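Data block below; observations after.
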Amino acid sequence: MKHFSLLFIFLVILLATSYSDAFTRNNFPKDFLFGSATSAYQWEGAVAEDGRTPSVWDTFSHSYNRGNGDITSDGYHKYKEDVKLMAEMGLESFRFSISWSRLIPNGRGLVNPKGLLFYKNLIKELKIHGIKPHVTLYHYDLPQCLEDEYGGWINRKIIEDFTAFADVCFREFGEDVKLWTTINEATIFVIGSYDQGISPPGHCSPNKFINCTTGNSSTEPYLAGHNILLAHASASKLYKLKYKSKQRGSIGLSIFAFGLFPYTNSKEDEIATQRAKAFFYGWLLKPLVFGDYPDEMKKTVGSRLPVFSKEESEQVKGSSDFIGIIHYLTLYVTNQPSPSIFPSMSEGFYKDMGVYMISTGNSSFLAWEATPWGLEGILEYIKQSYNNPPIYILENGMPMERVSTLQDTQRIEFIQAYIGAVLNAIKNGSDTRGYFVWSMIDLYELLTGYTTSFGMYYVNFSDPGRKRTPKLSAFWYTGFLNGTIDIASQDTIQLQSNFSGSSSL
Ligand code: NOJ
């Protein structure tokens, strides 16, 4: 049985690695950044400690039965231990987010000294270990008080409050932080939060799938998307005027991007795919690069799509020094009525896009098929359509059942296939500058709570001490980062057999 599974693993690795030539960390440019990521609500815990107030994510997770981030991996108390693990792993960069309501509990105004101290200490600890911070300012966790006061991202008041929050972050942390992402996976954040109602604050029109208490899927996603662009551009302008010449950092916006390919080689499916790309990528990227929304969207969404004033358009255009890409899955796109993986709501973003999207394979919640050509396709498209901007892959990784095994070989195959795709894209001229595995450690998951996890470190959530244990992927990433693992060699298998004796939970 053991031999059979080793043979199977060998074949799978062969298949995954035959996708690109053999490579090591040293095949990437020296200043390319390999890192891993977490976010505040998912990693920190300590939600009611030291002056933090609730965010919309606290409210959302407590409103249904899928766990919450009250304690989660307890990064707030265990950050020193985690940074040590990162250093042992050889991480070059750590991507984390700042909890707005920990830093500024009332959403605007007074800064919480204890919140400030936490992030200063975390950044100091990273610096001591030579790990570069990549900071996300907004990761689904608006202070609940701002949501209550004026409705958060669907109100233009957010622009001023977000910019003031960003100002505090640049001023307090900017000496040591050179990479800032304003808003996490802005596209899917807007779709999940204002069209589908599946992520905080959970807005959608009445529909047969999700029972939202408020929302309008026809208008709110476009309004929130517009305000996100304006808030991002405003924070970016502030950074450039007040901080950049001294701090010399870069600021970008991140989008979630599916790989998108036509289902058949028919002309109709090709056109449908172009339309899907305009909606999924162009919606935010076209304004960032060219100052306006894609024509395909203007045509279909009509007056529900906000219009940029001349001044706004100029401010948004060129406001991202880089584009952050969050990528996990690839889909086929077709014009022909087909069972789409998205619920067919009678209104909203998917209805407007007007295409059917089909899974590329056997991907399920627990086992995602690696389709690295999906990521290569995205990088090629962005290179060609948006003037080849600098790119960071800010998240990529694979969920697995959480309490199963430490031997996460499938995850290793997944990650190495995508790192290979990044290398291919760079060889083809893409200006991709970094790759981050989601996630550094097991944490509270956005859609599945604690049933699945992406972590390279296992966390025992039943243990009050939240003991961390490395999975095989942590050993693999360590070897890759220190240049001892050659991706198309037998090294992974060697690692796998060394590990197998100690892999049970
Ligand atoms: C997207 C989000 O940024 C993150 O919060 C989430 O946990 C992962 N991807 C996995 O779903």
Side-chain angles (χ1 to χ4, degrees), residues 35-45 47 55-58 60-61 66-69 72-73 75 94-100 134-142 153 179-193 196 198-202 228 232 252-259 280 284 323-331 341-342 363-368 370 374-375 378 392-402 408 410-411 414-415 418 434-457 459 461 473:
S36 188
T38 63
S39 82
Y41 185 68
Q42 295 177 273
W43 173 61
E44 288 175 10
V47 290
S55 73
V56 292
W57 205 342
D58 297 64
F60 188 73
S61 63
R66 241 183 278 154
N68 57 60
T72 182
S73 344
F94 175 50
R95 173 178 179 248
F96 62 95
S97 73
I98 291 182
S99 157
W100 185 341
H134 185 128
V135 173
T136 307
L137 292 174
Y138 186 79
H139 199 118
Y140 287 101
D141 54 353
L142 187 76
W153 289 99
L179 288 165
W180 298 96
T181 292
T182 50
I183 290 140
N184 180 57
E185 58 176 3
T187 41
I188 212 80
F189 153 45
V190 167
I191 297 168
S193 302
Q196 307 271 293
I198 56 171
S199 50
I228 281 174
H232 158 84
L253 181 82
S254 81
I255 64 162
F256 174 96
F258 288 114
F280 268 118
L284 302 185
I323 303 298
I325 297 291
I326 294 193
H327 173 76
Y328 291 95
L329 293 169
T330 293
L331 302 173
I341 68 160
F342 297 111
S363 290
S364 69
F365 249 138
L366 286 182
W368 288 0
L375 179 56
I378 295 168
Y392 287 88
I393 309 300
L394 291 180
E395 284 183 33
N396 175 243
M398 187 180 146
M400 293 176 76
E401 193 181 346
R402 222 185 65 72
D408 53 349
Q410 273 174 291
R411 176 172 290 123
F414 188 94
I415 294 171
Y418 281 96
Y435 173 92
F436 291 73
V437 174
W438 183 269
S439 49
M440 188 263 153
I441 191 168
D442 284 355
L443 30 75
Y444 173 63
E445 261 309 323
L446 177 59
L447 299 175
T448 56
Y450 294 101
T451 53
T452 67
S453 73
F454 294 68
M456 292 187 284
Y457 274 84
V459 176
F461 289 108
S473 53

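It should be emphasised that the depicted structure is a prediction, and the values quoted were computed from it without experimental measurement. Ligands are counted one by one from 1 in listed order, and the atoms in each one are counted from 1 as well. The chain is numbered in sequence order, starting from 1.
How far OG1 of Thr136 is from CG of Leu179: 10.5 Å, rounded to the nearest 0.5 Å.
Residues Ile191 and Gln196 are in side-chain contact: their nearest non-hydrogen atoms beyond the backbone lie under 4.5 Å apart. Side-chain contact between Phe461 and Arg402: present, with at least one pair of heavy atoms (C-beta onward) separated by less than 4.5 Å.
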Legend entry - Chi angles and distances behind the side chain to side chain donor-acceptor pair (under 3.5 Å) call for Tyr435, Asn396: CA-CA 8 Å; Tyr435 173 92; Asn396 175 243; 2.5 Å; yes
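Between Phe189 and Tyr138, the gap from one ring centroid to the other is short of 6.0 Å.
Sorted by chain and number, the residues within 4.0 Å of ligand 1 by heavy atom are Gln42, His139, Asn184, Glu185, Tyr328, Glu395, Trp438, Glu445, Phe454.
Tested against Thr72 for a side-chain contact (heavy atoms from CB on, under 4.5 Å), the candidates Tyr41, Tyr450, Trp43 yield a single pass: Tyr450.
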